[in-house]
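Data block below; observations after.
What you see below is based on every heavy atom in this structure, not just the backbone, and it leaves out hydrogens, waters and symmetry mates. This structure is a prediction, so every number in the text was calculated from the model and none was measured.
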Amino acid sequence: MLFFASLLATVSAFGQPAAHVEIVPVRGHIYMLAGAGGNITVSIGPDGVLLVDSGLAMMSDQVLAALRQLQQRVSVNGAPPKPIRYIINTHLHPDHIGGNEKIGEAGKTITGGNVIGDLGDATEGATIVAHEKVLDRLSPDGKPTVSFKALPTLTFLSDQMKLSQFFNGEGIQIFHEKSAHTDGDSIVFFRASDVISAGDIFLTTSYPIIDLANGGSLQGIIDGLNHILDLSVAEFRTEGGTLVIPGHGRICDTADVAYYRDMATIVRDRIQAMIKKDMTLAQVKAAKPTADWDPRYDKSTFWTPDMFVDAVYKSLSQSKANQGK
Ligand SMILES: [Zn+2]
Ligand SMILES: [Zn+2]
């Protein structure tokens with residue numbers, strides 16, 4: 001249990017708040033909000049606001065202030081701002097769902113009285129969408145471990161779900177990535193904008209974080225990265241084209257995702273081979289299987305190369321044990 005507790009502390013501490021929330025234009029009506037914990041993706045336009053993730057709870061006021069700035073920018077002739085309609089959660093960590101309650105609630109207060117008629121459920125606040133496993137883990141046996149208002153209100157069980165109609169002029173698809181960073185991970189694909197929100201399956205700030213206690217696995221992360229690459233098209237050779245917003249860090253293209261996928265795959269193969277030779281965890285760590293990439297990813301005290309190797313070893317040993325059954 002100590003391991004679970006320390007990993008949770010690690011994962012929570014990972015999304016440290018910045019002094020302020022920065023608005024980063026991505027493409028067209030898609031923006032990224034950085035500095036609120038995990039990155040937040042924003043679609044803003046005539047249909048209102050859709051968010052992928054909601055940041056840390058303590059950053060909700062700053063996120064709402066940034067959204068108000070964006071709402072003013074896109075408001076036509078001083079028309080009242082459009083409401084926050086959807087929050088899609090990529091997974092259950094507090095740096096991604098912490099704003100659900102306050103920002104979700106703001107979905108109705110921003111609407112005002114005169115525009116409710118054509119906005120359906122806007123009086124109820126934003127619809128919070130996530131894979132069923134996110135709800136299961138946040139509310140085991142129907143007993144919520146977070147505020148009731150922070151829980152997903154629309155969940156899906158299958159491999160994917162899409163919004164039933166265009167939102168701000170495009171289709172939006174949500175794909176479940178099984179047992180990746182956690183077992184409830186989703187990536188969100190904005191089809192016309194050609195932007196993918198990857199959640200914590202893809203990070204530019206550290207090695208992949210495998211939350212074993214919440215059902216994560218290295219193979220699932222690699223599968224998720226391959227799926228992002230399947231959906232992506234480069235503009236020229238391997239550069240440009242589809243833009244990918246990581247859970248933490250800067251906006252990327254397919255080349256960045258391929259680099260990360262290759263790194264994860266090579267580390268997997270190296271550690272797998274060591275496990276086959278019955279090397280102990282201490283021996284594997286001593287062999288430094290991540291040495292080639294440490295200058296790039298050994299930046300986070302919350303998720304060191306040592307912790308990554310530890311988690312990969314356990315993840316691969318688990319699947320080896322399962323295969324034996
Ligand atoms: Zn995160
Ligand atoms: Zn996370």
Test Leu231 against Thr242 for side chain to side chain contact (heavy atoms under 4.5 Å, CB included), laying out the working first. CA-CA 9 Å; Leu231 294 170; Thr242 307; over 6 Å; no

Working for side chain to side chain donor-acceptor pair (under 3.5 Å), residues Ser315 and Gln219: CA-CA 8 Å; Ser315 179; Gln219 188 54 50; over 6 Å; no

Please assess Phe308 against Tyr313 for the test ring pair (Phe, Tyr, Trp, His ring centres under 6.0 Å), listing each intermediate value before the final yes or no. CA-CA 9 Å; Phe308 175 52; Tyr313 184 89; over 10 Å; no

Would you check, one step at a time, whether the test side chain to side chain donor-acceptor pair (under 3.5 Å) holds for His91 with Asp200? CA-CA 8 Å; His91 64 292; Asp200 282 356; 3.3 Å; yes

Apply side chain to side chain contact (heavy atoms under 4.5 Å, CB included) to Val42 and Leu50, showing your working. CA-CA 6 Å; Val42 184; Leu50 175 147; over 6 Å; no

Could you walk me through whether Val49 and Gln71 pass side chain to side chain contact (heavy atoms under 4.5 Å, CB included), step by step? CA-CA 8 Å; Val49 177; Gln71 282 167 321; 3.8 Å; yes

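Taking CG of Leu33 as the reference point, atom CD1 of Ile23 lies at 6.5 Å (rounded to 0.5 Å). For the atom pair Asp256 CG and Phe202 CZ, the distance stands at 5.5 Å (nearest 0.5 Å). One distance of note links OG of Ser43 with CZ of Phe190; it measures 6.0 Å at 0.5 Å rounding. Atoms CZ and OH, from Arg261 and Tyr259 in turn, are 13.0 Å apart once rounded to the nearest 0.5 Å. Distance CD1/Ile128 to CD1/Ile87: 5.0 Å, rounded to 0.5 Å. Atoms CD1 and CG, from Ile103 and Leu64 in turn, are 5.0 Å apart once rounded to the nearest 0.5 Å.
Annotation for Lys149: atom NZ does not count as buried by contact number, only 12 or fewer foreign heavy atoms lying within 6.0 Å. Remark: Arg27 CZ is packed, more than 12 non-hydrogen atoms of other residues, nucleotides or ligands lying under 6.0 Å away.
Using a 4.5 Å cut-off between side-chain heavy atoms of Ile, Leu, Val, Met, Phe, Trp and Tyr, with links allowed through other members, Val233 and Val195 fall into different hydrophobic clusters. No path of Ile, Leu, Val, Met, Phe, Trp and Tyr side chains, each step under 4.5 Å between heavy atoms, connects Val129 with Phe166, placing them in separate hydrophobic clusters. Cluster membership check: Val134 does not share its hydrophobic cluster with Ile201, using side-chain heavy-atom separations under 4.5 Å among Ile, Leu, Val, Met, Phe, Trp and Tyr.
Shortest non-hydrogen contact noted between Gly220 and Ser217 is N-OG, 3.0 Å.
A donor-acceptor pair shorter than 3.5 Å cannot be found between the side chains of Asp211 and Thr182. A donor-acceptor contact closer than 3.5 angstrom is absent between the side chains of Glu177 and Ser186. If you check the side chains of Asp53 and Asn39, you find no donor sitting under 3.5 Å from an acceptor. A donor-acceptor pair shorter than 3.5 Å can be found between the side chains of Thr41 and Ser197.
Under the salt bridge (Lys or Arg N to Asp or Glu O under 4.0 Å) criterion, Lys102 pairs with Asp61, sequence neighbours left out. Under the side-chain contact (heavy atoms from CB on, under 4.5 Å) criterion, Pro144 pairs with Ser139, Phe148, Leu151, not counting sequence neighbours. Every residue two or more places apart in sequence or in another chain was checked for a salt bridge (Lys or Arg N to Asp or Glu O under 4.0 Å) with Asp262, and none qualifies.
Aromatic pair Phe175/Phe156: ring centres not closer than 6.0 Å. In summary, the aromatic rings of His93 and His181 are positioned with their centroids under 6.0 Å apart.
Annotation: cation-pi geometry not satisfied between Arg296 and Tyr207 (NZ/CZ under 6.0 angstrom from ring centroid, within 45° of ring axis).
Under the 4.0 Å criterion applied to side-chain N and carboxylate O atoms, Asp294 and Lys288 are not assigned as salt-bridge partners. A salt bridge is defined here as a Lys NZ or Arg NE, NH1 or NH2 lying under 4.0 Å from an Asp or Glu carboxylate O, and Lys133 with Asp185 fails to meet this definition. A salt bridge links Asp310 with Lys285; the closest basic N to acidic carboxylate O contact falls under 4.0 Å.
Judged by distance alone, the side chain of Arg85 and the main-chain N or O of Asp47 form a donor-acceptor pair under 3.5 Å.
Screening Glu132, Gln160, His131 for a side-chain hydrogen bond (donor to acceptor under 3.5 Å, both in side chains) with His176, the sole residue that qualifies is His131.
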